[in-house]
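Below is one structure, written out as structure tokens; comments come after it.
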Amino acid sequence: MTLFHFGNCFSLAYFPYFITYKCSGLSEYNAFWRCVQAGATYLFVQLCKMLFLATFFPTWEGGAGVYDFVGEFMKATVDLADLLGLHLVMSRNAGKGEYKIMVAAMGWATAELIMSRCIPLWVGARGIEFDWKYIQMSFDSNISLVHYIAMAAVVWMFTRYDLPKSFRLPVTILLGLCVYKGFLMELFVHVFLLGSWTALLVKAVLTGAISLCSLFLFVTLVHSN
Amino acid sequence: MFEEASEVLENMLKWSFPLSLVLFLVLVCPLRAEAAHEFSVYRMQQYDLQGQTYGSRNAILNTEARTVDAEVLSRRCVMVRLADFSYEKYQKALRQSAGAVVIILPQNMSTMPQDIVQQFMELEPELLATETIVPVYFALEDEELLSIYTQTQISSSSQGSSSAAEVLLHTATANGFQMVTSGAQSKAVSDWAITSLEGRLTGAGGEDLPTIVLVAHYDSFGVAPWLSYGADSNGSGVAVLLELARLFSRLYSYKRTHAGYNLLFFLSGGGKFNYQGTKRWLEDNLDHTDSSLLQDNVAFVLCLDTLGNSDNLHLHVSKPPKEGSPQHALLRELETVAAHQHPDLKFSMVHKKINLADDTLAWEHERFGIRRLPAFTLSHLESHRSPARHSIMDMRPHVDLTKLSRNTKVIAEALARVIYNLTEKGVGGDLQIFTEQMVQEDQLASLVDWLTAQPRAAQLLDKDSSIVNTLEYYLSRYLKDVKRHLVRADKRDPEFVFYDQLKQTMNAYRVKPAIFDLLLAVCIASYLGVLYLAVQNFGLLYGFLRRVTAPRVKQH
């Protein structure tokens with residue numbers, strides 16, 4: 001029944017996206033094609049990042065167990081390009097703030113889902129061997145969706161001309177957290193030697209905190225005017 | 001502009017077709033998953049001898065693992081450790097039509113207590129005699145295999161005990177293992193050639209000299225061919241024969257010590273399969289050639305079989321030697337040397353008539369006896385049925401080098417006394433002809449070490465194998481006229497048939513039972529339901545936050 005397992009993982013990964021798309025009202029705005037465009041921008045940005053990393057960052061020659069903090073930090077800094085990509089997508093879409101954020105985030109996250117999760121699931125979950133990591137991968141894609149929505153919201157807020165001065169600092173901090181979230185997660189796993197389920201839980205909590213903060217700031221910004 | 005666009009589209013389609021084809025192939029191609037553990041397994045013997053089939057008939061395996069104390073064994077792979085193995089459990093597994101049996105042997109056999117080893121040695125012929133269609137494999141234990149075994153044992157033994165809810169939960173979440181072998185079904189190997197090697201030292205003094213033949217079979221036998229190292233039986237015999245070849249070639253290289261006997265050395269293959277090599281060699285030499293050393297004056301044939309241990313030495317004969325014959329001379333010399341020079345050695349003669357009604361012949365000398373050549377076998381074993389002659393437990397520690405070199409000395413001395421006729425010349429029994437340096441113990445040690453470093457089952461040694469080539473090279477250093485002799489089974493009525501697929505790679509995949517997938521689907525469906533409700537009611541959270549932030553705004 002391993003195809004069944006693949007079906008389980010795939011539905012766990014994909015259905016939340018479907019639910020979000022349908023229930024957030026995006027389908028009423030015919031936003032499908034715009035989401036695809038956002039996805040294409042994601043591909044382009046990933047390609048540029050890969051080229052940049054390959055050209056300018058040497059491979060780590062140290063021992064196997066040592067974690068290259070500085071190197072990984074520098075690599076995570078390259079993820080700032082994600083923010084630029086999101087900003088690009090949002091600036092090309094006319095409409096309300098929520099519409100822009102949702103379109104950008106949905107397109108971006110769906111593209112990431114297809115590119116980085118579909119093939120491992122297809123090849124791995126269909127095999128005879130059972131491993132919990134496929135379920136974990138699907139959960140991870142759910143967390144990524146929330147993360148990208150929060151990130152798009154923070155980027156949108158950062159680029160607003162009417163952002164109050166008191167908000168600048170929290171928004172910048174949140175932006176930094178979004179970009180370096182991956183790096184922080186790896187740090188936690190390495191230092192505290194977390195198991196895979198615990199790491200997933202920590203990631204979910206972290207993403208939840210970031211998204212809650214950004215939602216709070218968003219509500220305050222939108223309804224203070 | 002439209003023409004350009006359509007051209008671009010056409011090009012895109014042209015390129016996307018191979019891409020989609022590749023994608024289609026990727027999607028459809030069969031999977032090769034990573035296994036929890038991959039290990040080598042060695043299959044039980046499978047051969048036909050003189051029309052009768054022995055051993056396990058089947059090689060493929062794709063079943064779930066269970067241990068032997070589980071209740072349901074049918075179509076499952078039964079895993080047993082050597083310490084828990086017994087014939088009754090094996091019979092029980094076969095009766096319940098198990099899918100396969102895997103016996104796990106420890107890496108280092110010397111950690112096993114002697115009685116278990118002895119019991120297994122006695123069981124080996126019985127295992128082979130019961131012909132089964134169930135594949136029986138042997139695996140060497142390592143940490144991961146041991147953990148797989150303990151996990152399987154826990155899940156197997158807890159099946160009968162607890163309440164219904166516990167059983168349900170357990171069957172839904174248990175970690176099972178699927179054992180899969182990668183090879184094909186076993187089939188007969190066609191045209192297998194068993195190689196035998198002969199070499200000679202010609203005596204001094206013209207034509208028509210008597211010939212002494214020294215024979216040892218170099219192959220080994222056990223319940224699994226890849227695990228039969230045959231240290232004592234017959235690695236020790238081969239080592240003694242090669243050492244005697246070296247000693248006598250040194251003696252024969254000086255004119256003064258060049259005796260008047262031809263010495264013919266023969267390393268026979270297929271010895272454990274009813275001495276096929278010897279049989280065909282005799283036929284070729286006696287029936288098909290005009291002149292051969294074997295046809296003329298043969299003094300006697302001495303077969304060496306299992307000489308690596310114990311303080312007994314038995315000379316097995318099929319007819320007691322007559323007084324005055326060369327055989328009797330050798331018997332007497334062996335007694336003399338044993339009595340005078342090695343009093344700790346107990347030498348005796350064992351008389352056993354050749355029984356042609358038996359399936360297989362007892363000792364190698366019986367082949368020669370059937371062709372009316374005077375022959376005997378020297379062995380420290382008293383009976384040919386001793387389990388030490390066909391066991392996988394017969395490894396390097398079974399050979400005691402001091403006893404092996406002592407036996408070599410005894411045989412060398414006795415032979416020297418016969419060929420130089422020393423007793424009649426009045427030389428006393430306690431004169432040692434070969435001094436300490438001549439019979440070299442480290443030479444014997446290195447020979448035995450090399451012989452036991454790899455399995456020497458007859459099915460594994462074809463005419464290009466390194467063992468045969470090395471033996472030929474060694475013989476050609478000391479002997480002249482070193483020749484190979486090939487035996488191939490007769491096409492229409494084969495005396496022996498070997499089967500392949502004797503060594504496989506087995507993969508153990510971690511699997512969950514089918515109910516687990518259903519359970520997971522139910523959990524995922526409920527999770528998605530909760531998510532749907534949460535997204536639908538997202539407005540509530542939004543409104544709450546708005547109300548939280550609103551009073552602050554109102555205060556400004």
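Just so it is clear, the model here is predicted, and its values are computed rather than measured. Residue numbers begin at 1 in each chain, while the letters A, B, ... track the order of the sequences. Worth knowing before you read on, the calculation uses all heavy atoms, side chains too, and leaves out hydrogens, waters and symmetry mates.
- Using a 4.5 Å cut-off between heavy atoms, A:Ile135 touches chain B through its side chain atoms alone.
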Tabulate below the donor-acceptor pairs under 3.5 Å that side-chain atoms of residues 167-175 of chain A make, not counting sequence neighbours, or state none.
{"residue": "A:Thr172", "atom": "OG1", "partner": "A:Arg168", "partner atom": "O", "Å": "2.5"}

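- Counting heavy-atom neighbours within 6.0 Å of B:Ile133 CD1, excluding the residue itself, gives a total of 12 or less.
- Judged as a side chain to side chain contact (heavy atoms under 4.5 Å, CB included), and not counting sequence neighbours, the contacts of A:Phe52 are A:Phe56, A:Phe57, A:Val78.
- Counting heavy atoms of neighbouring residues, nucleotides and ligands inside a 6.0 Å radius, atom CD1 of A:Ile119 does not exceed 12 of them.
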Evaluate the side-chain contact (heavy atoms from CB on, under 4.5 Å) criterion for residues A:Phe218 and B:Tyr542: first the C-alpha distance (whole Å), next the side-chain angles of each, then the deciding distance (0.1 Å), finally the verdict. CA-CA 10 Å; A:Phe218 179 79; B:Tyr542 197 79; 3.7 Å; yes

Run the side-chain donor-acceptor check on residues 193-200 of chain A: report pairs under 3.5 Å with partners two or more places apart or on a different chain.
{"residue": "A:Ser196", "atom": "OG", "partner": "A:Gln136", "partner atom": "NE2", "Å": "2.9"}

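- The candidate with the highest count of non-hydrogen atom pairs below 4.5 Å against chain B, out of A:Val219, A:Thr20, A:Leu212, is A:Val219.
- Within 6.0 Å of CH2 in A:Trp132 there are more than 12 heavy atoms belonging to other residues, nucleotides or ligands.
- Heavy atoms of A:Phe18 lying under 4.5 Å from chain B are absent altogether.
- Scanning residues 522-537 of chain B against chain A with a 4.5 Å heavy-atom cutoff picks out B:Ile524, B:Tyr527, B:Leu528, B:Leu531, B:Tyr532, B:Val535, B:Gln536, ordered by number.
- Annotation for B:Gln107: atom CD counts as buried by contact number, over 12 foreign heavy atoms lying within 6.0 Å.
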